[in-house]
Amino acid sequence: MLKKFINSIFPIAGVTSTLCFQSACLLSFISSFSIFGQAPNTLSNTQIDSLNSLSKPFYVKNDKLDMAHYKNLLNQSIANNHTKGIIDSYYNLGNYYYYNDKQLDSMLYFFDQTIILIEKTDIEKKLLPDIYRYKGAYLAVNGMEFLSLEYLEKAYEVSLEHGDTEAILAAKINLAGLNLKLKNYEKAISLASELLENPATLNYKLGNSLKDKGYNLVDYTNVTLNDILGASLVETNKLKEGLALLKISDSISRKNQWDQQTAETQTWIARTYLDLGDIKKAILLCESINTEFADFPGNTKLTNLILGKALMQDGQILKAIGALEEGLTLEGTKEEQITILETLGFAYLSQKNLEKSKPQFIKAIDIRDSIQHSRAKSFSRYSSISYNLLETQYKNDNLAHKNEVLEAKAIEREYLLGVLVLSISVILLSILGYVLLKKYYIGKRTIKSLKANEKAILEAQIKLREDELSATMVHFTKNMKTIKTIVKDLDASLVKKDYGALEVVKNSLQEYQKSSSTASLLTDRIESQYPGISMQLRELYPNFSPNDIKHCLMIKLGLSLKETAQLFNITIAAVKSARGRMRKKMGVDKEVSLKKHLSLVAKSA
């Protein structure tokens, strides 16, 4: 269902016969101006706007010539100093990279440049909701759902400001689905219920890319919302209400002969029967789904999981194991693979088969770790890209500030020259000299104030970054302790063959599965947050190893010996030894605090 939700709320339009006709018109229009290979300023602003407008349906073509066309329009717009053309060209290039090359760096750069120009000029503000939605879509697909939520909420707020009814509905549907994925069930219920009660929603056509497949888009919108609301109600234990809505979705999907949607909705219905305790219905429905919709292995994997759980509750352990083992061989998400492995592990435990049970739990833990590592890596890359973009923006702002300072100094020189010239007249010198000197000192105070404000802003940003990193570290340490405790208890229970203790481990695993969240790769993230001090440490102490740099950053954050040892998975003695070697390399006495010494290094940076 979540996979269907992602595909439906973030559609990629197909190239239809209509688009092909429009494409021919566009290429004919382009060739009439012969824009490729010509010098700048060969197009008027009106022609640039027309070409940018015609470009928007063709992001899916994946044609390098199209990219050259968009870049040429950008160059033409810059040459003409045509702000609207620059904004539209940035927007088109951001869409091109989103739909084709999937280059996060390029997509973010062009979209961020579009946002900056729109905010500065108030031109083309109608583009903002789409930009925020596209950024949210990319982040959601790459496991950064909380950042995605932030951009979707921005899309909703901007749509409200513009009064764009369709954009408001699209943003709310997106938010409802994403809140379901994030397990914010009450929020998802609130949004989906409000949408279903809104008459405008009944005529909203979600997923325009499906129109060419013969989909009834109004029905598709209703199926999506009923699925979101029904699933959220089931997750909050409002089983009968959720079941009723899921049956409505099933009825609409069957009427439209949407096999995949029908299979996914029926899988949720089977899961609801299981939660209601109607095990026989759950088993029969799962077997029916696997027979009727065998062409959808992703859905069949989830169906086999529910079937395995139902058979276990019905006491058919061997059949449950068979269903679960078959589910492991099918395509699906890593989260589904984890759940199947853990359920299979408990099934083997119920037969007291410890040799087969333990590997299932170990595989599940390994996959969970790989998910956290992958998501944290994506977040680290996104943070690095965002930081580079902010750094570029800061350099531009700093350059503008330097220009202002130079202008202020030029004015200062003019004042001094005026004082010198007017010194010929004693009375006039006294009056004019006083005025000019007063302005001179006001200018100096203004420059000093600007520098002080800039320093305060930078210090506040650094403090905010340190607070964020400290909070992330605490959460990471807590998760590490939980995982170590569960693994230790599991090994001890398996050695003693203590089935009572294994039940406790089972409960701990299930609780951890509900409460676990994405951990960041703290070491990579910390190094990206302090590029200045890392570079200076390497310059001051060329004999520092990368491990020494990491220990310095831990000390900078104020981590204790124990916390550092837990983070690096080493002993406290090893941390003490590493810090001792660092003192020798830096030539710092034992009486001097390493944190104080590093703070002095940071200030000198």
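By convention here, the first residue in the shown sequence is residue 1.
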(message) Testing the basics here: between Ile340 and Leu324, what is the closest heavy-atom pair and its distance to 0.1 Å?
(response) CG2-O, 3.5 Å
(request) Starting at CG of Leu128, measure out to OH of Tyr91 and round the result to the nearest 0.5 Å. (result) 10.0 Å
(message) Using a 3.5 Å distance criterion without hydrogens, assess whether the side chain of Ser232 forms a donor-acceptor pair with backbone atoms of Ile228.
(response) yes
(message) Can you confirm whether Phe111 sits close enough to Gln113 that some side-chain heavy atom of one is under 4.5 Å from a side-chain heavy atom of the other?
(response) no
(message) Taking side-chain hydrogen bond (donor to acceptor under 3.5 Å, both in side chains) as the criterion, tell me which of Arg579, Arg581, Arg538, Lys585 meets it with Asp548.
(response) Lys585
(request) Write down the atom of Lys595, the atom of Gly558, and the distance for their closest heavy-atom approach. (result) NZ-CA, 3.9 Å
(request) Could you pull out the closest heavy-atom pair between Glu325 and Leu344, with the gap in Å? (result) CG-CD2, 3.9 Å
(request) Measure the shortest side-chain to side-chain distance between Ile189 and Asn179 over non-hydrogen atoms and say whether it is less than 4.5 angstrom. (result) no
(message) Test your reading of the model: is there a side-chain donor-acceptor pair from Ser577 to the backbone of Ala573, 3.5 Å cut-off?
(response) no
(message) What's the separation between atom CD1 in Ile116 and atom OG1 in Thr121, rounded to the nearest 0.5 Å?
(response) 11.5 Å
(request) Kindly indicate, with the supporting measurements, whether the criterion ring-ring contact (aromatic ring centres under 6.0 Å, His included) is fulfilled by Phe361 and Phe346. (result) CA-CA 9 Å; Phe361 291 117; Phe346 291 128; 4.9 Å; yes
(request) Please step through side-chain contact (heavy atoms from CB on, under 4.5 Å) for the pair Tyr185 and Leu180, ending with a clear verdict. (result) CA-CA 6 Å; Tyr185 302 124; Leu180 170 61; 3.8 Å; yes
(message) On a heavy-atom basis, which atom in Phe110 and which in Gly94 lie closest, and how many Å separate them?
(response) CB-N, 3.7 Å
(message) Quick check against the 3.5 Å criterion: does Lys301 have a side-chain atom that pairs as donor or acceptor with the backbone of Gly327?
(response) yes
(request) State, to 0.1 Å, how close Ala364 and Leu341 come at their nearest heavy-atom pair, and which atoms those are. (result) N-CD1, 3.8 Å
(message) Which residue is it: Asn174, Leu178, Val158, Leu175? I am looking for the one with a side-chain contact (heavy atoms from CB on, under 4.5 Å) to Glu153.
(response) Leu175
(request) Supply the atom-to-atom distance Glu342 CD to Gln360 CD, rounded to the nearest 0.5 angstrom. (result) 10.5 Å
(message) Does either side chain, that of Asn92 or that of Ser89, offer a donor lying less than 3.5 Å from an acceptor on the other one?
(response) no
(request) Using the side-chain hydrogen bond (donor to acceptor under 3.5 Å, both in side chains) rule, take Tyr151 and Lys135 through it: C-alpha gap first, then chi angles, then the decisive distance, then the call. (result) CA-CA 7 Å; Tyr151 281 106; Lys135 290 183 74 171; 3.2 Å; yes
(request) Quickly, which of Leu127, Ile123, Thr83 forms a side-chain contact (heavy atoms from CB on, under 4.5 Å) with Ile118? Name it, please. (result) Leu127
(message) Within the 4.5 Å heavy-atom criterion, are Met586 and Phe544 side-chain neighbours or not?
(response) yes
(request) Specify the closest pair of heavy atoms between Leu561 and Lys576, including all atoms of both residues, with the distance to one decimal. (result) CD1-CE, 3.5 Å
(request) Report the distance from atom NZ of Lys154 to atom CD1 of Ile131, rounding to the nearest 0.5 Å. (result) 11.5 Å
(request) Could you tell me whether the side chain of Leu354 reaches within less than 4.5 Å of the side chain of Lys358, counting heavy atoms only? (result) no
(message) For His551 and Phe568, take the angle between the two ring planes, folded into 0 to 90°, and tell me which bin it lands in: parallel under 30, tilted 30 to 60, perpendicular over 60.
(response) perpendicular
(message) Can you tell me how far apart CZ (Arg368) and OG1 (Thr339) are? Round to the nearest 0.5 Å.
(response) 7.5 Å
(message) For the CD1 atom of Ile338 and the CD atom of Glu336, what is their distance to the nearest 0.5 Å?
(response) 10.5 Å
(request) Report the relative orientation of the aromatic rings in Tyr90 and Tyr109; use parallel for angles under 30°, tilted for 30 to 60°, perpendicular for over 60°. (result) perpendicular
